Amino acid sequence: MDLCVTVKGVSFLLQTGMGILGNTVVLLAYAHIIFTKSKMLPVDMILCHLAFANLVLLLTRGVPQTMTVFGRTNLLNNPGCKVVIFSYRMSRALSVCLTCMLSVFQAGTVVPAGPRLLKLKSALHSLVFPTFAGLWLLNSAIYFQTFFHAIAPRNGTIPAFTLNLGFCHLDFKNNLNYVIKGVLASGRDFFFVALMVASSGYILLLLHRHSRQVRAIHRSRGVGSETRAVKTVVTLVVLYVFFFGIDNVIWIYMLTEAKVSPVVTDMKVFFSSCFAFLSPYFIISSNRKVKAKVLCAAEQDRPPSMDTQESRDKGLSLS
């Protein structure tokens, strides 16, 4: 096997495997929290949903991409391609929407509670599930036509206005369909990215201007978790925007070149999945609830130490 193909395949394999593991751990931790507590905070519900979306993204994009790189062909038939591509595009869209939702809801929790905003702040918890439903409906409306465009790979020359994903093709038939789908998807992405950047910038500005008041509030309430939650959300937004920027720079380059190297295409796929791969590990390290569940599970699975066993043996001998 060629060295370049091996490096590429191992990179996709590690990214996909570690990403699936990390998001699964986050989901299991939140599942345990749901069963042991009566309710979760809005931020926790959004993080749980984000981990689910990222898990589906890696399963429907990373796994087929890795198998294709290692030479597996004819992975999916037409119905399989339609389901996989729709699931991938929905999960990728939900990833950007939920990251934006996370930033907006966090901004709503730290904004000064004036008379007009007090009701909104108290209603944030009840708005989570309606917002989830709205995001699912919005992205389903954008991507329902994927079922008409996704097909299994064809032998021979790839027709014009067909996007080759390796394991599946997207046949847009004509330039108008291609442009409309691209504008809808790109417009939605840039809107939500701009909104998450604006809300995160507002959070940072608010904390900078009112740092003394915020510290006083934390002392009076006895909670430091709000500041940690703000830092987690802002860092996740920065992480997403960073990889979103790289993804779109490569995409713009691909649009300006008549012939694009397969290496460039693979780089775009790799960087577009980096947020789904890295975000669960950041959540585990920064979210106290998730971290506590993971450490608790690790402690339960750890075998007894040699020192403990030796002390038991000595105790038995003395008795």
Side-chain angles (χ1 to χ4, degrees), residues 5 8-9 11-13 15-17 19-21 23-24 27 49-98 132-189 247 251 254 260 262 265-266 268-277:
V5 175
K8 184 169 58 176
S11 299
F12 278 115
L13 182 62
Q15 183 191 58
T16 303
I20 291 174
L21 175 62
N23 286 291
T24 302
L27 285 175
H49 200 168
L50 179 63
F52 171 75
N54 287 334
L55 177 63
V56 175
L57 185 152
L58 291 166
L59 288 173
T60 55
R61 182 56 162 156
V63 172
Q65 183 72 29
T66 303
M67 297 176 70
T68 302
V69 169
F70 281 115
R72 292 295 302 272
T73 57
N74 301 321
L75 293 175
L76 301 167
N77 55 16
N78 281 339
C81 276
K82 295 178 187 302
V83 173
V84 167
I85 297 303
F86 177 79
S87 300
Y88 162 67
R89 294 205 156 191
M90 280 290 296
S91 59
R92 184 183 180 278
L94 286 172
S95 182
V96 60
C97 293
L98 290 169
F132 285 163
L135 294 178
W136 275 88
L137 290 174
L138 169 66
N139 292 298
S140 296
I142 294 175
Y143 288 125
F144 80 96
Q145 291 192 5
T146 300
F147 289 102
F148 301 104
H149 300 308
I151 57 175
R154 302 173 179 175
N155 295 324
T157 305
I158 299 175
F161 311 113
T162 298
L163 186 60
N164 182 11
L165 302 179
F167 54 92
C168 289
H169 289 172
L170 283 172
D171 187 1
F172 291 100
K173 306 298 183 182
N174 54 63
N175 186 53
L176 180 61
N177 277 330
Y178 185 81
V179 171
I180 290 175
K181 303 304 182 297
V183 169
L184 285 175
S186 299
R188 179 214 55 221
D189 286 353
D247 184 16
W251 177 242
M254 292 172 64
V260 180
T265 305
D266 291 331
K268 183 182 185 304
V269 175
F270 182 84
F271 282 112
S272 65
S273 302
C274 276
F275 178 77
F277 154 56

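Numbers here are sequence positions counted from 1. Predicted model only: the values in this text are computed from it and were never measured.
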So OH of Tyr88 and OG of Ser273: to nearest 0.5 Å the spacing works out to 6.0 Å

Contacts of type side chain to side chain contact (heavy atoms under 4.5 Å, CB included), residue Thr146, not counting sequence neighbours = Ile85, Phe86, Arg89, Tyr143, Ala150, Leu170

Should we say atom CZ of Phe148 is surrounded by more than 12 heavy atoms from elsewhere, each under 6.0 Å from it?
-> no

CZ of Arg72 to CZ of Phe167: how many Å apart, nearest 0.5 Å?
-> 14.0 Å

Enter the distance from Asn77:CG to Lys82:NZ here, rounded to the nearest 0.5 Å.
-> 10.0 Å

Would you call the rings of Phe52 and His49 parallel, tilted or perpendicular, where under 30° means parallel and over 60° means perpendicular?
-> tilted

Which pair of non-hydrogen atoms, one from Val96 and one from Ala93, has the smallest distance, and what is that distance?
-> CG1-O, 3.0 Å

Please list, chain by chain and in numerical order, all residues satisfying disulfide (SG to SG under 2.5 Å) with Cys97, sequence neighbours excluded.
-> none

Which heavy atom in Ala53 sits nearest to a heavy atom in Leu94, and how many Å separate them?
-> CB-CB, 4.1 Å

Separation between CG (Leu98) and CG (Leu135), nearest 0.5 Å, reads 6.0 Å

Contacts of type side chain to side chain contact (heavy atoms under 4.5 Å, CB included), residue Asp171, not counting sequence neighbours = Ile151, Arg154, Thr162, Lys173

All salt bridge (charged side-chain N to carboxylate O under 4.0 Å, His left out) counterparts of Arg92, not counting sequence neighbours | Asp189, Asp247

Drop me the distance from Ile180's CD1 to Ile142's CD1, to the nearest 0.5 angstrom.
-> 13.0 Å

Spacing of CG belonging to Leu50 relative to CG belonging to Leu27, to within rounding of 0.5 Å = 9.5 Å

Looking only at non-hydrogen atoms, find the nearest pair between Ser87 and Thr60 and report the distance.
-> CB-CG2, 3.8 Å

What one should report as the nearest heavy-atom pair of Ala152 and Cys81 is CA-SG, 3.7 Å

Return the set of residues passing ring-ring contact (aromatic ring centres under 6.0 Å, His included) with Phe270 (not counting sequence neighbours), or none when no residue passes.
-> none

Below 4.5 Å, heavy atoms only, C-beta onward: do Phe12 and Asp266 meet side chain to side chain?
-> yes

Determine the sole option in Leu58, Asn54, Leu57, Leu55 for which the side chain to side chain contact (heavy atoms under 4.5 Å, CB included) test with Ser91 is passed.
-> Leu57

Sequence-distant partners of Val63, side chain to side chain contact (heavy atoms under 4.5 Å, CB included), two or more places apart = Thr16, Ile20, Leu59, Met67

Which pair of heavy atoms, one from Ala276 and one from Asn23, lies closest together, and at what distance?
-> O-ND2, 2.9 Å

